[in-house]
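Since the structure comes first, as structure tokens, the remarks are kept for the end.
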2 protein chains.
Amino acid sequence: MKHDINISESEWCVMEYLWSNPMATITEIRKALSSTGWSDSTIKTLVRRLVSKNAVAINDEASTFRYYPLISQQKCRLKETKSFINRVYDGSVSMLVTNLAAESNLTDKETEELLTLIEKMRKE
Amino acid sequence: MKHDINISESEWCVMEYLWSNPMATITEIRKALSSTGWSDSTIKTLVRRLVSKNAVAINDEASTFRYYPLISQQKCRLKETKSFINRVYDGSVSMLVTNLAAESNLTDKETEELLTLIEKMRKE
DNA sequence: TATAACAGGCTACAACTGTAACCTTTAATT
DNA sequence: AATTAAAGGTTACAGTTGTAGCCTGTTATA
């Protein structure tokens, strides 16, 4: 029932906070994201959009609304990761990991071990 | 001089082809992307946008234009990977790799080895 | 009690994306 | 020669995203 929820980059910041702090109020979210420099309106717009996307729900038991995520960070990460790998690495996990290995400063031996593991992953 | 080139998902398909086949004509691109079902106009729009973004240039020596990439796949992959990891994994490469490992069917021992390597990567 | 700050709700607006039609000119095929 | 198929160029149009203002009512604080 949670098809096709696309979370934009800015919205993702709000989700991050809600995943760590479910049942947060707007003020709490705003405080947490103050480093972004976004206006109060912007935060409210992002939250509203997340609600209309069914990514976030409202708890209105108290006088001030509290917002909480309807989708898990785990699921979202998985979805984003898959679409990223498909788009950028043509669906190849091993190519991604190979690139990551090349970017970090592993010794030759470590890289070799990593590549061996990648080979195994690739088997599936 | 090649800062901030953002390539959208559809545009990425065109880039993929141009990276494999630089100096391609529109017809060649269209043929290559025929499986997408995009109309001729759509392909032309994507190419035009890539040109205006300075991601692609035109070679007009022959009567029919040929298009070629101005940015390397390597650089684009790096940029996309970085922004992806920042957005989704809070900048943590090791968290991403941990997730990848969990998703693939490694044995416990393999996973353990992989995690050891990740630990080493994390050191930097 | 007056005032400032915030909640909730509505509206806005430009850039970017996905997707495509239409027009004119040229080249190829019947 | 007539038709068809591009090529190149221009325009379009709706949905998403980044970013925010304005209005009204409430609450906390000077």
Side-chain angles (χ1 to χ4, degrees), chain A residues 3-18 23-68 76 79-80 83-84 86-88, chain B residues 3-18 23-68 76 79-80 83-84 86-88:
Chain A
H3 341 283
D4 283 84
I5 297 187
N6 276 306
I7 297 174
S8 80
E9 192 164 341
S10 301
E11 288 163 0
W12 196 276
C13 299
V14 175
M15 290 306 291
E16 288 282 1
Y17 182 72
L18 290 182
M23 299 302 271
T25 64
I26 280 287
T27 303
E28 284 161 6
I29 299 172
R30 180 156 37 75
K31 295 256 168 67
L33 302 193
S34 66
S35 66
T36 62
W38 292 333
S39 79
D40 176 57
S41 285
T42 300
I43 305 280
K44 285 189 287 184
T45 298
L46 294 176
V47 172
R48 185 168 37 73
R49 285 178 183 167
L50 285 167
V51 169
S52 79
K53 284 177 184 186
N54 287 308
V56 163
I58 299 178
N59 176 302
D60 61 356
E61 281 167 23
S63 63
T64 295
F65 290 2
R66 292 188 172 270
Y67 301 89
Y68 61 95
C76 285
K79 173 178 179 303
E80 291 294 321
S83 78
F84 163 73
N86 278 332
R87 184 166 55 90
V88 176
Chain B
H3 330 287
D4 282 85
I5 296 184
N6 276 307
I7 297 173
S8 78
E9 192 165 340
S10 301
E11 287 163 2
W12 195 275
C13 298
V14 174
M15 290 306 291
E16 288 283 1
Y17 182 72
L18 290 181
M23 301 301 272
T25 64
I26 280 285
T27 303
E28 283 161 5
I29 298 172
R30 181 155 37 77
K31 294 257 168 68
L33 301 192
S34 65
S35 67
T36 62
W38 292 332
S39 78
D40 176 57
S41 285
T42 298
I43 305 280
K44 283 189 288 184
T45 297
L46 294 175
V47 171
R48 183 171 40 74
R49 286 178 183 166
L50 285 168
V51 170
S52 79
K53 285 178 184 185
N54 287 308
V56 162
I58 299 176
N59 176 302
D60 60 357
E61 281 168 23
S63 63
T64 294
F65 291 0
R66 291 189 172 269
Y67 301 90
Y68 60 96
C76 285
K79 175 178 178 305
E80 292 293 322
S83 77
F84 162 72
N86 278 333
R87 183 166 56 89
V88 176

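Residue numbering restarts at 1 for every chain, and letters A, B, ... go by the order of the sequence lines.
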With heavy-atom distances below 4.5 Å as the criterion, would you say the side chains of B/L33 and B/W38 are in contact? yes
Of all the nucleotides listed (C/dG8, D/dG9, D/dG21), which has the minimum atom distance to the side chain of A/T64? C/dG8
Nearest-nucleotide wise, let me know which of A/S63 and A/D40 is further upstream toward the 5' end of DNA chain D. A/D40
For B/K31 and B/S41, find the nucleotide of DNA chain D closest to each by heavy atoms; which residue's nucleotide sits nearer the 5' end? B/K31
Base, sugar-phosphate, or nothing for B/T25, non-hydrogen atoms under 4.0 angstrom? nothing
Of the nucleotides D/dG8, D/dT17, C/dA21, which one has an atom closest to the side chain of A/E11? D/dT17
Using only modelled atom types and a 3.5 angstrom limit, is any donor from either the side chain of A/R48 or the base of D/dT19 paired with an acceptor on the other? no
Do B/K31 and B/T25 make a side-chain contact, defined as non-hydrogen atoms from C-beta onward lying under 4.5 Å apart? no
Taking the minimum atom-to-atom distance to the side chain of A/L46, which one of C/dT17, D/dA20, D/dT19 wins? D/dT19
Residue whose nearest DNA chain C nucleotide is more 5′ - B/K44 or A/I58: A/I58
In the structure I gave you, are the side-chain heavy atoms of B/F84 and A/E80 within less than 4.5 Å of one another anywhere? yes
Is the shortest side-chain N to carboxylate O distance from A/E28 to A/R66 below 4.0 Å? yes
Closest to the B/I26 side chain, choosing from C/dG9, D/dG21, D/dG8: D/dG8
What nucleotide among D/dT17, D/dT19, C/dA20 has an atom nearest to a side-chain atom of A/T42? D/dT19
Nucleotide of D/dG18, D/dT17, D/dA20 approaching A/E9 most closely (side-chain heavy atoms): D/dG18
Side chain of A/S10, base of D/dG18: donor and acceptor closer than 3.5 Å? no
Which listed nucleotide (C/dG8, C/dC6, D/dT17) is nearest to the side chain of A/S8? D/dT17
Considering only side-chain heavy atoms of B/R49, which listed nucleotide, D/dG18, C/dC6, D/dA12, is closest? D/dA12
